[in-house]
Visitor: 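Below is a structure I'd like to ask you about.
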Protein chains: 2
Amino acid sequence: MGPRPTGERRTAILGAAAGLFAERGYRGVSIDDLGRAVGTTGPALYRHFPGKQALLGEVLVDISDRLARQGRELVAEAASADGALEALLRGHIAFALDEPSLITVHDRELGNLTEPDRRRVRRLQRGYVEEWVGVLAELRPGASPTVLRAAVHAVFGLLNSTPHSRGELPRPHMAELLLSMGRAALTSPDAAPPAA
Amino acid sequence: MGPRPTGERRTAILGAAAGLFAERGYRGVSIDDLGRAVGTTGPALYRHFPGKQALLGEVLVDISDRLARQGRELVAEAASADGALEALLRGHIAFALDEPSLITVHDRELGNLTEPDRRRVRRLQRGYVEEWVGVLAELRPGASPTVLRAAVHAVFGLLNSTPHSRGELPRPHMAELLLSMGRAALTSPDAAPPAA
DNA sequence: GAGGGATGTTAATGCTCACTAACAACCGTG
DNA sequence: CACGGTTGTTAGTGAGCATTAACATCCCTC
């Protein structure tokens, strides 16, 4: 069987991997499952990737990179801190609604990465979080970065909950709901004083 | 080796299982790991449980049951809808902060249950969610139950994010932060009209 | 103080699975 | 039109793992 023009098989495998990993977990998906999902047998996969772990690594690094890059760009383009926050929220929500599998895999499978891949993903994640924290610090000068970081993680949990409540609401409606909930959560007068 | 007074070995196994499942995932934990964690060998487990899946089932049903029961009680005891919402939030937050492993396992491992166990867990979860929806319906009479359900799921995502941002903040401070964020998210004027 | 049930241990057993080997077909290029 | 590189296929191979079997202790009861 001859090769298709480009590495389209490669990207097909990555797509299938994201979907299957999200659905059954990294360990619940076999090489043969992955092959079957793209119309080949299992071992054909080794013509495109060195192994199963490398596949997961590529998926996770790609997601983290896209989020971090998107965050950087949105903040750079924004005219105000308020605008930046709204852009970050809308961007993250769009991502979560468009790619629920990627979001699911992203915060579930970190532990199955090789150490180098895990480091890369963590670095990218940290950068993304700091983008949010920077914007929030401008909006609420009183709050400590530690509190803001915790708040950002909490809002990620809120936004990333989409895959769990799938299909309950039409997409644009869900997007608006998440936007207003996320904004409310981040801009409420929450900065409790450092506990005694 | 003789038996200890009660089924304390049983509960030790359940505790170890929750911790290990949370850390490495159901499929990433072997029977031998579980035995080792409670000071025995792997197969000893079969004296207390019919198998690995039954173990997971018991853990998940127990969590779901505790949450649902706690929800029912808190709402029944509350003097007002406002009070009920605050109680639900505080109760869920305490649970998430006290038992991060249980929370983690709870929304990750549903797919590894037997069909009957999955049904039981889902029924309990639904009951818990409806408890929240009932309270919210009283506070925001205009909103549709569908929107409220989606909002509740989103807030669960927010509250359950604790295990991800572990140790950043002292516990009481974190509890207050989550409370105010959760309340803000649920009581913001978010009820967008049913999209065109 | 003998017997039995509860609880443990070690040694199979049989399955799944990631990965490798050996071989085949296709395509573009000389 | 032969050749080599690319991408597939089927058939191992060896490891890990859930579960079971066979056997050993211990404690409680009679």
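Letters A, B, ... are given to chains in the order of the sequence lines, protein chains preceding strands, and every chain is numbered from 1.
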Visitor: Under the salt bridge (Lys or Arg N to Asp or Glu O under 4.0 Å) rule, what do B:Glu73 and B:Arg69 come out as? Steps first, then yes or no, please.
Guide: CA-CA 6 Å; B:Glu73 289 173 2; B:Arg69 180 190 322 280; 5.1 Å; no
Visitor: Please check this pair: side chain of B:Gln70 against backbone of B:Gly91, looking for a donor-acceptor N/O pair closer than 3.5 Å.
Guide: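 Side chain of B:Gln70 to backbone of B:Gly91, a donor-acceptor pair under 3.5 Å: yes, one is there.
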Visitor: Return the value, rounded to whole Å, for the distance between atom CD1 of B:Ile13 and atom C1' of D:dA18.
Guide: 15 Å
Visitor: Can you check the B:Gln53 CD to D:dC17 C1' distance for me, whole Å?
Guide: 14 Å
Visitor: Please list residues of residues 33-46 of chain A whose heavy atoms come under 4.0 Å from any atom in DNA chain D, ordered by number; otherwise none.
Guide: A:Thr40, A:Thr41, A:Pro43, A:Ala44
Visitor: Answer yes if the side chains of B:Asn160 and B:His92 hold a donor-acceptor pair under 3.5 Å, and no otherwise.
Guide: yes
Visitor: What is the distance, to the nearest angstrom, from the CD atom on B:Glu8 to the P atom on C:dT7?
Guide: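 Computing the B:Glu8:CD to C:dT7:P distance gives 11 Å.
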Visitor: Send over the distance from A:Leu56 CG to C:dC19 P, rounded to a whole Å.
Guide: 12 Å
Visitor: Would the distance check show the side chain of B:Glu138 and the main-chain N or O of B:Ala81 forming a donor-acceptor pair, the cut-off being under 3.5 Å?
Guide: no
Visitor: Using a cut-off of less than 4.0 Å, is there contact between a side-chain N or O of A:Arg9 and OP1 or OP2 of D:dG8?
Guide: yes
Visitor: For A:Glu130 and A:Arg126, what are the C-alpha separation, side-chain angles and deciding distance, and is it a salt bridge (Lys or Arg N to Asp or Glu O under 4.0 Å)?
Guide: CA-CA 6 Å; A:Glu130 290 311 314; A:Arg126 227 187 332 268; over 6 Å; no
Visitor: Taking CD1 from B:Ile31 and C1' from C:dT10, how many angstroms apart are they, rounded to a whole number?
Guide: 16 Å
Visitor: What is the distance, rounded to the nearest whole Å, between atom CG of B:Asp32 and atom P of C:dG8?
Guide: 15 Å
Visitor: What side-chain donor-acceptor pairs closer than 3.5 Å can you find for residues 10-17 of chain A, not counting sequence neighbours?
Guide:
unit_1  : atom_1 : unit_2  : atom_2 : d
A:Arg10 : NH1    : A:His48 : O      : 3.2
A:Arg10 : NH2    : A:Glu58 : OE1    : 3.3
A:Arg10 : NH2    : A:Glu58 : OE2    : 2.1
A:Thr11 : OG1    : A:Glu8  : O      : 3.0

Visitor: A:Tyr26 has an atom OH; how far is it from atom P of C:dC17, in whole Å?
Guide: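 In whole Å, C:dC17 P and A:Tyr26 OH are 13 Å from each other.
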Visitor: Tell me whether A:Gln53 contacts the main-chain N or O of A:Asn112 through its side chain, where contact means a donor paired with an acceptor under 3.5 Å.
Guide: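 Yes.
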Visitor: Starting at CZ of A:Phe49 and ending at P of D:dG8, how long is that distance when rounded to a whole Å?
Guide: 11 Å
Visitor: What nucleotide among D:dT9, C:dT7, C:dC19 has an atom nearest to a side-chain atom of A:Arg47?
Guide: D:dT9
Visitor: Which listed nucleotide (C:dG8, D:dC17, C:dC17) is nearest to the side chain of B:His48?
Guide: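 Closest of the options to the side chain of B:His48: C:dG8.
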